[in-house]
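Counting starts at 1 for both ligands and their atoms, following the listed order. Excluded from the calculations below are hydrogen atoms, water molecules and symmetry mates; all remaining heavy atoms, backbone and side chain alike, are included.
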Amino acid sequence: MNRIHIVSNRLPVSINVENDNIELIPSVGGLATGMRSVYKEYNGKWIGWPGLPNDDLSDELKTNIDEKLKGEDCVSVHLSKEEIDLYYDGFSNRTIWPLFHYFAQHIDYDPKLWEAFVKVNQKFADKALETLEEGDTIWIHDYQLLLVPEMIKSKKPGVTVGFFLHIPFPSFEVFRILPWRKELIQGMLGADLIGFHTFDYQRHFFSCVRRLMGYEISFNEIHIEDRIIIVDSFPMGIDYDKFRDAAIQTFQKPLQEKSKLHRELEKYFLVSPNRKLILSIDRLDYSKGIPNRLQAFAKFLEEYPEFIGKVTLIMLAVPSRGTVEHYINLKREVDELVGNVNGRFGSINYTPVWYFYRSMPFENLIELYSSCDVALVTPVRDGMNLVAKEYVASRTNRTGVIILSEMAGVSKEMGEALMINPNNTGEIAQSIYQALTMPLDEQRERMIYLQDRIKRYDVFKWSSEFVKSLRKVEKLQSSIYAKKVSDSILESIKTEYADAKKRSIFLDYDGTLTGFKKNPNDAKPDKELHNILYKLEEDPKNVITVISGRDRESLESWLEGHKINLIVEHGVWIKKHGKEWKMLANANDTWKPSIRPILETFVDRTPGSFIEEKNYSLVWHFRKAEPEQGELRANELKDELTTMIANHNLEILEGNKVIEVKSGGINKGMASLQFLQNQNFDFVLAIGDDWTDEYMFRELPESSVTIKVGLKHTAARYKVDSVAKVRSLLSELK
Ligand code: ADQ
């Protein structure tokens with residue numbers, strides 16, 4: 001079984017050094033739990049920063065730390081204070097974090113931060129490369145390491161690379177703001193599998209790839225040069241059983257074993273049995289919508305004064321990124337707002353907001369989750385949000401209500417929560433009222449569904465699904481390589497060619513012999529191509545046919561002087577060398593007047609697209625249109641045409657950035673077979689790039705050497721990845 005390694009900014013352990021004594025403290029967070037099962041099971045290493053700046057560490061201590069970490073199968077990437085400042089607090093948290101959370105006004109564009117980001121990403125990649133062997137798999141995590149996939153892939157292409165982004169991926173209009181947008185996308189595209197929490201982030205990523213890089217995307221695959229990248233959504237889960245079991249135990253503990261917090265909570269309920277608790281838990285981060293939440297709570301007390309004295313908001317904020325300016329300002333704002341709400345609505349025996357600015361042990365978290373009637377989760381942007389899931393898992397009596405921001409990834413899985421827009425404080429106040437007055441039966445009904453779902457797709461399922469997809473993509477890549485014309489395949493093709501007495505060579509034109517041009521009339525053969533063809537024609541054993549979807553005129557004039565046959569319009573016309581054009585199939589064009597107006601409306605609605613008219617077909621080209629709009633309209637057009645074609649015996653052909661409507665029953669397969677009839681060729685070679693060539697690959701005799709240009713699924717026997725490879729293959733045939 002191939003090894004799977006993990007790379008993340010932080011290792012799953014913290015290090016405590018006292019008097020040269022090194023203590024490793026395992027992290028209990030969701031990622032550490034989920035990944036620990038993976039890298040242990042697959043015999044891998046975890047590569048990351050141990051959490052201490054290396055400036056304060058002697059060489060000896062560093063070596064000892066590394067040794068100790070080795071025992072946990074961890075490999076450390078040591079970082080200096082300056083690197084942490086520029087790469088982590090800097091580019092990661094002052095540039096990418098605000099950008100990806102739509103806080104454009106907070107973005108720091110300092111090129112120094114970018115340079116440090118590149119340098120430190122390279123450090124992580126180098127450490128990983130030291131550990132990796134060809135054939136291994138590596139799973140890289142999160143926005144701090146966006147460049148690492150490419151840095152690894154370019155050095156070790158045989159390693160399967162996975163990447164998971166834990167935060168949102170923004171829409172193109174936001175992402176494009178960044179000066180280094182292309183570099184980030186390129187970095188991510190080094191991965192074979194890219195995972196996001198939700199389909200929306202996946203969609204945004206696709207649109208950035210399409211618009212910035214122009215790569216082709218079909219379903220959830222990105223096709224680049226010689227690789228296919230799979231992109232998918234994997235909503236991260238939690239260790240459900242751990243939270244549920246801990247919640248059960250909390251209530252079974254005898255009084256003397258209960259924590260101080262728990263005893264105080266119980267005392268509170270004892271004194272005021274009708275009091276209700278609302279819970280709010282996050283890192284203190286501007287993406288979490290904490291000020292909005294406090295304002296909404298104040299509004300609620302204002303609008304429903306009967307709840308003053310009866311409802312308390314317990315607000316836990318974990319200190320986070322305290323050296324970054326916007327976090328310092330946020331802390332000040334939250335402190336003030338808490339003071340404001342308590343000052344306005346509090347009394348001697350009533351504090352509306354209990355505010356804790358600290359991290360809490362797991363035990364206390366569980367006590368809070370299981371004691372609070374409502375969870376208020378109102379981020380303005382959040383990749384997933386695990387707090388919402390942890391609250392659900394801890395509700396062992398199946399009561400409790402979640403008020404949830406529609407801007408959190410988790411909202412896609414929690415339709416039963418009370419959904420709010422985090423910027424609408426009136427709506428949040430209203431939902432707080434609805435939650436506090438919700439009948440228990442309704443609470444249970446909603447909670448049962450939520451628990452079912454969150455339990456099923458827990459963190460172990462999440463990681464195993466990702467690993468399963470990694471294995472799948474690994475197989476896919478190897479099947480691509482298997483069909484690729486390798487040196488030994490090339491040798492055997494050359495031998496077959498040399499041994500043959502009479503050869504038929506079918507060559508598609510656009511995308512096969514020449515690259516695609518924005519304007520189809522610019523695709524004239526260049527000198528190199530002319531020479532390749534002249535050389536092939538010289539051999540009297542060769543019968544060469546260019547077989548294309550093009551019209552008669554351009555190919556005839558471009559290839560004038562060559563000893564070549566032409567089959568055009570996908571098989572409607574044939575012109576044997578030195579002879580006149582002849583119709584190969586029975587085609588008619590009486591349908592054109594009814595189809596042309598439809599295509600014209602698409603030209604009007606899609607700037608950059610145009611119609612090409614051939615004798616027996618009409619083609620809508622959208623290569624020059626804005627890529628996303630082009631794809632979208634192409635789907636619309638196909639849909640619209642489908643209802644028309646049956647009446648006219650027409651066919652729709654989908655080529656590379658073209659939709660072609662033509663008379664039915666005519667295709668390159670039929671044409672090439674007809675061409676071979678009554679001739680005794682003992683070698684047939686066919687090369688083509690798009691799916692109109694698939695007809696030819698399927699219909700030609702099994703012994704033919706069929707070659708697809710590109711990496712998509714194909715009926716051809718072999719694949720090459722570019723026009724340049726086609727040309728070099730043809731030049732080598734002797
Ligand atoms: P975070 O932004 O950190 O994670 P979240 O998913 O809510 O956000 O996870 C927070 C974790 O911290 C929870 O497990 C919670 O229990 C714990 N926690 C919160 N307050 C605490 C406190 N006071 N004391 C102790 N522990 C506390 C990023 C993304 C998220 C994404 C996760 C996972 O921003 O959108 O869900 O990664 O992919």
Side-chain angles (χ1 to χ4, degrees), residues 8-10 12 14 27-35 92-93 96-103 139-145 163-170 195-198 200-201 233-240 242-243 246-247 259 261 279-290 293 314-321 327 330 334 354-370 372 375-394 402 404-405 407-414 422 454 457-459 462-463 466:
S8 65
N9 175 57
R10 282 295 307 272
S14 297
S27 312
V28 289
L31 179 66
T33 314
M35 289 302 97
S92 302
N93 290 333
I96 302 182
W97 180 274
L99 175 75
F100 282 34
H101 286 86
Y102 295 73
F103 279 82
W139 182 356
I140 302 157
H141 288 267
D142 227 359
Y143 64 101
Q144 304 92 350
L145 304 177
F163 178 82
F164 188 83
L165 186 72
H166 289 262
I167 64 175
F169 195 92
F196 297 97
H197 283 303
T198 71
D200 281 340
Y201 308 152
S233 51
F234 303 86
M236 185 175 172
I238 57 165
D239 185 350
Y240 187 94
K242 180 175 145 193
F243 281 84
S259 73
L261 176 85
L279 182 63
S280 142
I281 296 191
D282 327 78
R283 268 184 317 98
L284 191 77
D285 194 293
Y286 50 77
S287 64
K288 303 288 182 183
I290 299 171
R293 200 174 305 169
I314 301 186
M315 209 170 85
L316 232 71
V318 191
S320 179
R321 304 169 195 171
Y327 288 76
L330 175 69
V334 170
W354 293 356
Y355 175 39
F356 303 88
Y357 176 60
R358 70 186 82 129
S359 184
M360 283 216 183
F362 180 68
E363 185 190 10
N364 292 154
L365 277 186
I366 296 295
E367 287 156 358
L368 287 170
Y369 281 141
S370 47
C372 291
L376 194 50
V377 184
T378 64
V380 281
R381 228 18 107 165
D382 209 337
M384 172 53 70
N385 193 294
L386 299 179
V387 168
K389 294 190 172 181
E390 292 169 4
Y391 178 72
V392 167
S394 310
I402 299 198
L404 184 57
S405 162
M407 308 293 179
V410 71
S411 66
K412 304 280 181 287
E413 295 168 80
M414 287 198 169
I454 309 283
Y457 205 91
D458 65 3
V459 70
W462 169 75
S463 55
F466 194 89

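- Contact detail for Met315 and Ser280: the closest heavy-atom pair is CG-OG, 3.0 Å.
- At least one donor-acceptor pair closer than 3.5 Å links the side chain of Asp285 to the backbone N or O of Ser287.
- Contacts with ligand 1 closer than 4.0 Å are made by side-chain heavy atoms of Leu316 only, the backbone lying farther away.
- For the pair Trp97 and ligand 1, the shortest N or O to N or O distance does not fall below 3.5 Å.
- The parts of His166 lying near ligand 1 are both backbone and side chain, judged by heavy-atom distances below 4.0 Å.
- If you number the atoms of ligand 1 from 1 as listed, the ones under 4.0 Å from a heavy atom of Ser359 come out as 23 (N), 24 (N), 25 (C).
- In terms of heavy-atom proximity, Met35 sits nearest to Ser463 at CE-CB, 3.7 Å.
- Neither the backbone nor the side chain of Tyr143 has any atom closer than 4.0 Å to an atom of ligand 1 (non-hydrogen atoms only).
- The two residues Ala388 and Leu404 come nearest to each other via the heavy atoms CB-CD1, 4.4 Å.
- Looking only at protein heavy atoms, the nearest one to atom 8 (O) of ligand 1 is Lys288 NZ, 3.1 Å.
- A donor-acceptor pair is defined here as one N or O able to donate and one able to accept, closer than 3.5 Å; no such pair exists between the side chain of His166 and the backbone of Tyr143.
- Here Leu365 has side-chain heavy atoms under 4.0 Å from ligand 1, and that is the only part of it that gets that close.
- The closest side-chain donor-acceptor pair between Thr198 and Asp200, if any, does not fall under 3.5 angstrom.
- Residues Val392 and Ile238 are not in side-chain contact: their nearest non-hydrogen atoms beyond the backbone lie 4.5 Å or more apart.
- Atom 6 (O) of ligand 1 is flagged as protein-proximal [any protein heavy atom, distance under 4.0 Å].
- Distance remark: protein heavy atom present below 4.0 angstrom from atom 13 (C) of ligand 1.
- Looking only at side-chain heavy atoms (C-beta outward), Cys372 and Ile314 come within less than 4.5 Å of each other.
- For ligand 1 and Ile281, the ligand atoms under 4.0 Å from any heavy atom of the residue are 19 (C), 20 (N), 21 (C).
- Scanning the protein for heavy atoms near atom 27 (C) of ligand 1, the closest one is Val318 CG2, 3.8 Å.
- Between Gly383 and ligand 1, a contact under 3.5 Å exists for at least one N or O pair.
- Contact annotation: for Arg358 versus ligand 1, heavy atoms closer than 4.0 Å belong to the backbone alone.
- Of all atoms in ligand 1, listed by their number and element, those nearer than 4.0 Å to a heavy atom of Met236 are 33 (C), 38 (O).
- Every atom of ligand 1 is numbered from 1 in the order shown, and the set under 4.0 Å from a heavy atom of Asp382 is 30 (C), 34 (O), 35 (O).
- The nearest pair of heavy atoms linking Met360 to Leu365 is O-CG, 4.4 Å.
- Partners of Tyr201 under the ring pair (Phe, Tyr, Trp, His ring centres under 6.0 Å) rule, at least two apart in sequence or in another chain, do not exist in this structure.
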Give the intermediate values and the outcome of ring-ring contact (aromatic ring centres under 6.0 Å, His included) for residues Phe164 and Trp462.
CA-CA 11 Å; Phe164 188 83; Trp462 169 75; 5.1 Å; yes

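- Closest heavy-atom approach to atom 24 (N) of ligand 1 within the set His101, Met360, Glu390, His197: this belongs to Met360.
- Taking only nitrogen or oxygen atoms, main chain and side chain alike, Met384 reaches within less than 3.5 Å of ligand 1.
- Judged purely by atom type and a 3.5 angstrom limit, Lys389 uses its side chain to pair as donor or acceptor with the backbone of Met236.
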Determine whether Tyr286 and Phe103 satisfy the following criterion, ring-ring contact (aromatic ring centres under 6.0 Å, His included), listing intermediate values before the conclusion.
CA-CA 9 Å; Tyr286 50 77; Phe103 279 82; 4.7 Å; yes

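- The shortest contact between atom 10 (C) of ligand 1 and any protein heavy atom is with Val387 CG2, 4.5 Å.
- Remark: atom 17 (C) of ligand 1 lies closer than 4.0 Å to no protein heavy atom.
- Each of the following atoms of ligand 1 lies closer than 4.0 Å to a heavy atom of Tyr369: 16 (O).
- At least one N or O atom of Leu386, backbone or side chain, sits closer than 3.5 Å to an N or O atom of ligand 1.
- Using a 4.0 Å cutoff on heavy atoms, Phe243 does not count as a contact of ligand 1.
- To the nearest 0.5 Å, atom CG of residue Asn9 and atom CD of residue Gln144 are 4.5 Å apart.
- Closer than 4.0 Å to atom 2 (O) of ligand 1 lies at least one heavy atom of the protein.
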